[in-house]
Amino acid sequence: MNEYDTNRIYDTVKDIGYHKTGNHLDADCYLLNTCHIRDKSKEKVFDEVGRVRKNYKDKKKPILIIAGCVAQAESSEMIKREPYIDIIIGPQSYHKINKIIENFNFQKKVELTEFDTEGKFNYLDKIKNNESKVSSFLTIQEGCDKFCSFCVVPYTRGPEYSRPFKRIIEEAENLVKNGTKEIILLGQNVNAYSFKDKERSYKLSDLILELDKIKELNRIRYTTSHPKDMTDDLINCYSISKKLMPFIHLPIQSGSDKILKLMNRNHKVEKYLEIYKTVKQKNHNVEFSSDFIVGHPGEIDRDFEDTMNLVKEIKFINSYSFIYSPRPGTPASKLEAVDKEVAKERLINIQKVLESHQIDKNKSLIGTSIEVLVENKLKNQTRYFGRNTFFNSVIFEGENKHIGKLIHVKIEKINRNTLFGKIDEKKNMRAA
Ligand code: SAH
Ligand code: SF4
């Protein structure tokens with residue numbers, strides 16, 4: 001989402017004459033868009049600010065802006081710790097950035113951290129999203145009302161807000177006009193999307209089925225969803241939609257009901273397994289990925305074993321796993337932490353199994369011909385980059401004419417994250 005936000009900030013500041021500089025040491029204005037989800041992200045921001053300060057030592061100081069969730073959560077504390085920072089702007093206030101930059105003087109620091117999500121999107125809807133990538137993000141929903149005990153998002157992105165259905169379709173049509181072939185619908189809780197106008201109410205499934213009708217669009221994805229909002233209408237899309245990709249990133253976080261309760265996730269493991277089975281019944285090709293948190297307060301060996309058992313049962317093809325990171329102000333941060341070494345060992349163990357499943361899945365593709373949406377040529381290489389239906393990276397020898405096209409690639413080699421192959425001329429000729 002930060003990538004989407006950064007592009008929209010850029011679309012906005014173009015109006016006041018700001019452009020991306022070819023050399024980042026020449027910038028009049030330096031903006032860091034930040035993430036607060038784990039503690040490391042905050043430290044990375046301060047490291048980066050330190051680097052900027054050093055790099056500009058003998059140059060004119062740029063206006064240094066911190067945007068995003070670290071800005072929202074830490075606000076004035078950031079300026080106290082690092083006075084080189086000039087402007088703090090939260091994720092629901094960045095539509096005001098032009099006024100702030102235009103009126104800025106170095107004597108007065110600025111902080112803007114209101115939750116004005118509706119105002120932001122009303123403003124942004126007037127500025128076209130001119131992204132012209134083969135695969136583009138499109139934010140449809142922001143914020144979260146779920147308050148998982150470990151998570152900072154409800155405090156940094158604010159309450160759930162869903163954009164008007166028609167505005168989203170217009171933005172999608174504009175992206176497709178500019179050459180987009182794949183749209184990734186975004187939201188902190190994307191499947192909680194819910195919008196009502198005078199005529200009717202709309203859910204994520206309505207958006208998917210409407211996007212399905214856009215002729216030049218090839219692929220639809222969405223992320224990130226919550227098991228509680230995985231409703232039947234959405235699951236049905238896996239058998240109805242021709243463009244929805246057969247891959248669901250559906251974080252469960254833990255395989256222990258006790259920990260799910262402590263996390264305030266509001267569902268049990270059973271519910272997740274039920275979703276998995278129903279989706280598979282609708283479309284057997286669908287694969288799952290998840291996020292896992294290990295070492296959440298209260299997690300004992302038995303709970304971790306439950307998580308490992310779930311991992312072995314579902315065989316997620318791609319997942320993210322993290323050691324629990326206490327976030328200031330969240331309920332879990334007040335509970336007693338799990339021993340750091342124990343948490344580290346659990347992370348190593350879960351990653352080993354997750355990786356082996358990922359490799360098994362990739363190995364099973366060797367020798368097969370898979371459909372790839374070609375995105376770009378790799379920098380300083382003759383090879384091209386695209387993704388298969390499961391969102392794996394695919395690298396192959398191609399040509400410029402393939403960019404933006406769906407082609408077949410025969411897989412020859414794999415590693416954990418990437419598939420390597422050659423264009424399958426025979427199959428492509430047949431498809432043409
Ligand atoms: N809305 C999504 C998750 C968004 S945050 C959901 O409900 O699943 C992205 C991921 O970051 C989470 O799935 C979780 O695994 C991880 N995460 C969030 N807070 C964390 C914390 N305090 N410590 C470690 N990982 C965390
Ligand atoms: Fe955070 Fe996701 Fe839980 Fe919302 S649903 S509080 S974003 S983990």
Side-chain angles (χ1 to χ4, degrees), residues 35-43 144 146-154 188-189 223-230 247-277 279-280 287-362 416-417:
C35 172
H36 197 52
I37 200 79
R38 285 170 293 277
D39 199 35
K40 269 193 197 145
S41 355
K42 184 177 98 188
E43 290 313 313
C144 182
K146 293 208 165 51
F147 290 91
C148 299
S149 60
F150 54 82
C151 183
V152 83
V153 168
Q188 271 84 43
N189 244 304
T223 198
T224 297
S225 24
H226 191 289
K228 269 214 89 180
D229 296 312
M230 214 58 214
F247 176 64
I248 310 182
H249 181 61
L250 187 65
I252 183 164
Q253 315 297 353
S254 166
S256 150
D257 281 342
K258 184 193 99 187
I259 296 298
L260 287 179
K261 190 149 194 253
L262 273 173
M263 286 177 165
N264 193 31
R265 291 290 285 181
N266 273 311
H267 70 85
K268 294 191 170 166
V269 175
E270 190 65 34
K271 159 87 181 163
Y272 194 93
L273 291 170
E274 200 185 294
I275 295 169
Y276 178 76
K277 281 181 199 139
V279 171
K280 284 283 198 187
E287 299 283 4
F288 280 62
S289 79
S290 175
D291 293 343
F292 295 95
I293 295 178
V294 299
H296 186 277
E299 186 186 73
I300 57 170
D301 285 345
R302 262 241 321 269
D303 301 310
F304 181 65
E305 273 163 33
D306 287 344
T307 303
M308 292 293 266
N309 288 337
L310 179 82
V311 166
K312 284 173 193 156
E313 185 171 349
I314 295 209
K315 299 218 166 41
F316 299 94
I317 64 161
N318 178 9
S319 288
Y320 301 92
S321 41
F322 316 99
I323 290 184
Y324 165 75
S325 163
R327 309 312 293 126
T330 58
S333 67
K334 296 177 185 77
L335 304 176
E336 195 184 328
V338 167
D339 181 86
K340 268 195 186 138
E341 288 310 310
V342 172
K344 254 191 217 162
E345 203 182 309
R346 286 180 190 160
L347 186 72
I348 291 169
N349 286 339
I350 195 170
Q351 289 187 338
K352 228 189 263 163
V353 180
L354 289 168
E355 282 172 16
S356 77
H357 291 160
Q358 206 171 336
I359 287 177
D360 286 350
K361 173 74 185 173
N362 289 353
R416 182 161 65 86
N417 294 313

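None of these values were measured; they are calculated from a predicted model.
Between the side chains of S289 and N318, no donor N or O sits under 3.5 Å from an acceptor N or O.
Annotation: the span from N264 atom CG to C148 atom SG amounts to 6.5 Å, rounded to 0.5 Å. Rounding to the nearest 0.5 Å gives a distance of 11.0 Å between CD1 of I248 and CD1 of I317. Put simply, CD on Q253 and CE on M263 are 5.5 Å apart, with the number rounded to the nearest 0.5 Å. Taking CD1 of I348 as the start and CD of E345 as the end, the distance is 7.0 Å to the nearest 0.5 Å. How far CG of L273 is from CD1 of I252: 7.0 Å, rounded to the nearest 0.5 Å.
In terms of heavy atoms, D303 sits closest to G298 at OD2-O, 3.4 Å. Scanning all heavy atoms of the two residues, the minimum distance from N417 to N362 falls at N-ND2, 4.4 Å. Pairing each heavy atom of I37 with each of C151, the nearest pair is CD1-SG, 4.2 Å. In this structure, P251 and S290 approach most closely via the heavy-atom pair CA-OG, 3.5 Å. G295 and Y324 get closest at one heavy-atom pair: O-CB, 3.4 Å. Nearest heavy atom pair, residue S149 against residue L262, reads OG-O, 2.9 Å.
Within a 6.0 Å sphere centred on NZ of K40, other residues, nucleotides and ligands contribute 12 heavy atoms or fewer. Heavy-atom contacts from other residues, nucleotides or ligands closer than 6.0 Å to NZ of K228 number 12 or fewer.
Residues satisfying the side-chain hydrogen bond (donor to acceptor under 3.5 Å, both in side chains) criterion with D291, sequence neighbours excluded, are H249. Judged as a ring-ring contact (aromatic ring centres under 6.0 Å, His included), and not counting sequence neighbours, the contacts of Y276 are F288. Partners of R346 according to the side-chain hydrogen bond (donor to acceptor under 3.5 Å, both in side chains) rule, which considers only residues two or more places apart in sequence or in another chain, are E299, D301. Legend: residues meeting side-chain hydrogen bond (donor to acceptor under 3.5 Å, both in side chains) with S321, ordered by chain and number and at least two apart, are Q351. Under the rule for a ring-ring contact (aromatic ring centres under 6.0 Å, His included), the partners of H267 that lie at least two apart in sequence or sit in another chain are H226.
Under the 4.5 Å side-chain criterion, counting only non-hydrogen atoms from C-beta, H357 is in contact with V311. Contact annotation: the side chain of F304 approaches that of I350 to within less than 4.5 Å [non-hydrogen atoms, C-beta and beyond].
Here the rule is ring pair (Phe, Tyr, Trp, His ring centres under 6.0 Å) with F292, and of Y320, F316, F322 only F316 fits it. Tested against L260 for a side-chain contact (heavy atoms from CB on, under 4.5 Å), the candidates H296, K271, R265 yield a single pass: R265.
Under 4.0 Å is where a charged nitrogen must lie from a carboxylate oxygen, and between E274 and K277 no such pair does. A salt bridge is defined here as a Lys NZ or Arg NE, NH1 or NH2 lying under 4.0 Å from an Asp or Glu carboxylate O, and K268 with D257 fails to meet this definition.
Annotation: side chain to side chain donor-acceptor pair (under 3.5 Å) contacts involving residues 325-335, sequence neighbours excluded, comprise H36-R327.
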